[in-house]
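This report concerns only the one structure given below.
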Amino acid sequence: VFTSSRISSFNRHMKTHSTEKPHMCHLCLKAFRTVTLLRNHINTHTGTRPYKCGDCVMAFVTSGELVRHRRYKHTHEKPFKCSICKYASVEASKLKRHTRSHTGERPFQCSLCSYASKDTYKLKRHMRTHSGEKPYECHVCHTRFTQSGTMKIHVLQKHSKNVPKYQCPHCATIIARKSDLRVHLLNLHTYKATEMKCRYCTAVFHERYALVQHQKTHKNEKRFKCEYCSYACKQERHMTVHIRTHTGEKPFTCVSCNKCFRQKQLLNVHFRKYHDADFIPTVYQCPKCSKSFSRWVLCE
DNA sequence: ATGCCCATCGCCCTCTGCTGGGATTAC
DNA sequence: AGTAATCCCAGCAGAGGGCGATGGGCAT
């Protein structure tokens, strides 16, 4: 509903509803509703941009565009101030958009899912997740991407010579992506209120990195000692198998002949050798005497 | 009716950071 | 060999910058 105290404004407004386009471009025959629109169009043919910026090469069709450009690029004057935070903008529409980050208002609803965005561009970008459209292509390997930024990172990490690296400030780790460094810091260098115990001794830690480093000091210890003999080993599973030589336990039974084994691996070898018709044993042949062996040995 | 100017709409862009899945490495 | 930890990577959303185009108030 349009109202105006001036008849001239009313008449001009009514023309916006008309499909009549009486003003034609003499260069390309395209028609326009008003002389102003025609003039602006002709300017695109002639390259006429009368409002030139004094500080850079940019030039504009209208004075308003020049003022706005100068605010963005040179004077940094931002007349529209947010009442909640420090944000200020050159244009009112930007402040309006910004305000939605305080109010949480999401006026642009996706028609295919529950997502709603705060501005039209994000909704448009989101719709690519439904359409599968990938408008950005890597010029080197031709992989396609939904967003230009993702492609940019890809080119930087995959096809650039000077790939940036991020050094962890707390340890020697070097990580390719800034966001991954954040994950590293969170997982390994964040103080945890609950104590983390060493798997091998009574030491406790509040930072995972310190715990992991400490546990490495146990690496070469033969921590597992047999209670029946002098045997010691690094891994618990080796000790489990060794203990069976004392107890006589043979938990792995062959399903075909009921023969029992201490180790699963021994059962597997037995089964393949005696019960698997398709099994072809590996044969190692001596290059000097042509004698065959079931494993690699030096022929005397 | 038209020119000037400002407000507004709309589009596209970049930078930023989080997430989760697959690959790789360490144990 | 199996599993847990870690790394690498693309997908995706949040926030904000910049500019072209159009509409309408006001003066001429």
Side-chain angles (χ1 to χ4, degrees), chain A residues 2-17 23 32-37 39-41 43-44 49 51 58-73 76 78-80 82 85 87-102 104 106 110 115-129 132 134-136 138 143-154 156-158 163 166 173-184 186-188 199-200 208-209 212 215-216 218-219 234-237 263-265 268:
Chain A
F2 176 79
T3 55
S4 176
S5 57
R6 289 168 166 271
I7 187 69
S8 64
S9 292
F10 176 76
N11 286 337
R12 188 161 60 173
H13 170 79
M14 289 311 285
K15 283 182 181 174
T16 66
H17 296 303
H23 308 279
F32 296 86
R33 279 189 298 103
T34 66
V35 250
T36 308
L37 290 175
R39 195 186 52 225
N40 288 346
H41 167 77
N43 283 342
T44 66
R49 289 170 171 262
Y51 298 92
M58 293 290 279
F60 301 89
V61 174
T62 67
S63 62
E65 285 174 75
L66 174 60
V67 169
R68 186 176 58 178
H69 160 79
R70 289 192 54 74
R71 282 180 178 165
Y72 270 124
K73 294 293 189 181
H76 305 295
K78 293 176 178 179
F80 302 94
C82 178
C85 70
Y87 178 78
S89 66
V90 170
E91 296 175 82
S93 64
K94 300 297 184 285
L95 177 60
K96 193 176 171 185
R97 186 176 63 182
H98 163 82
T99 305
R100 292 192 191 117
S101 67
H102 293 303
R106 290 167 180 269
C110 174
Y115 175 76
S117 79
K118 292 168 185 169
D119 64 60
T120 51
Y121 177 68
K122 285 189 198 58
L123 178 59
K124 190 176 176 184
R125 190 177 61 180
H126 163 83
M127 293 313 283
R128 288 181 204 146
T129 67
K134 294 185 174 182
Y136 305 96
C138 170
T143 308
R144 302 194 75 92
F145 301 88
T146 55
Q147 293 187 16
S148 62
T150 310
M151 183 189 72
K152 198 176 169 183
I153 291 289
H154 160 87
L156 194 69
Q157 297 290 344
K158 286 283 189 74
V163 183
Y166 298 90
T173 309
I174 293 168
I175 292 171
R177 285 170 173 74
K178 203 177 169 182
S179 58
D180 287 333
L181 174 62
R182 207 195 136 275
V183 173
H184 168 90
L186 200 68
N187 288 342
L188 290 171
R199 275 192 283 180
Y200 313 117
R208 263 192 52 76
Y209 182 76
V212 171
Q215 286 184 161
K216 280 181 183 172
H218 291 291
K219 193 179 169 185
K234 292 178 194 172
Q235 293 186 31
E236 189 178 13
R237 60 181 172 163
Q263 293 181 42
K264 191 182 176 184
Q265 199 181 344
N268 287 343

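Keep in mind the model is a prediction, meaning the values are calculated, not measured. Order of the sequence lines sets the chain letters (A, B, ...), proteins ahead of strands, with each chain counted from 1.
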ask   = What is the distance, rounded to the nearest whole Å, between atom OH of Y115(A) and atom C1' of dC12(C)?
value = 9 Å

key: Residue H184(A), side-chain atoms from C-beta onward, closest of dC7(C), dC12(C), dG20(C)   = dC7(C)

task = Using a 4.0 Å heavy-atom cut-off across all strands, classify L188(A) as base, sugar-phosphate, or nothing.
result = sugar-phosphate

note = Partner of V90(A) under side-chain contact (heavy atoms from CB on, under 4.5 Å), picked from H76(A), R71(A), H69(A), is R71(A)

query = So which nucleotide from dG11(C), dG17(C), dG20(C) ends up closest to the side chain of Y72(A)?
reply = dG17(C)

message = What does the B/S/- profile of nucleotides 6-13 of chain B look like, 5' to 3', with a 4.0 Å heavy-atom cutoff to protein?
response = --BBB-BB

message = Regarding R106(A), tell me which of base, sugar-phosphate or nothing describes its non-hydrogen contacts under 4.0 Å with the strands shown.
response = sugar-phosphate

query = Quick one: ring pair (Phe, Tyr, Trp, His ring centres under 6.0 Å) partners of H98(A), sequence neighbours excluded?
reply = Y87(A), H102(A)

Between P of dC15(B) and CG of L156(A), the distance in whole Å = 11 Å

task = Could you tell me the separation between the NZ atom of K78(A) and the C1' atom of dG16(C), rounded to a whole number of Å?
result = 9 Å

message = Using whole Å, what does the distance between atom C1' of nucleotide dG11(C) and atom CE of M127(A) come to?
response = 17 Å

ask   = side chain to side chain donor-acceptor pair (under 3.5 Å) with E65(A): which residues, sequence neighbours excluded?
value = T62(A)

message = Using the salt bridge (charged side-chain N to carboxylate O under 4.0 Å, His left out) criterion, which residues pair with R70(A)? Sequence neighbours excluded.
response = D55(A)

ask   = Whole-Å distance between dC5(B) P and H69(A) NE2?
value = 18 Å

request  = Rounded to the nearest angstrom, tell me the gap between atom CD in Q147(A) and atom C1' in dC18(B).
outcome  = 12 Å

message = Output the rounded distance in Å from NE2 (H102(A)) to P (dA15(C)).
response = 9 Å

task = Return the set of residues passing ring pair (Phe, Tyr, Trp, His ring centres under 6.0 Å) with F145(A) (not counting sequence neighbours), or none when no residue passes.
result = H154(A)

task = Only pairs at least two apart or in different chains count here, so list each side-chain hydrogen bond (donor to acceptor under 3.5 Å, both in side chains) that has a residue in residues 119-128 of chain A.
result = D119(A)-K122(A), H126(A)-H130(A)

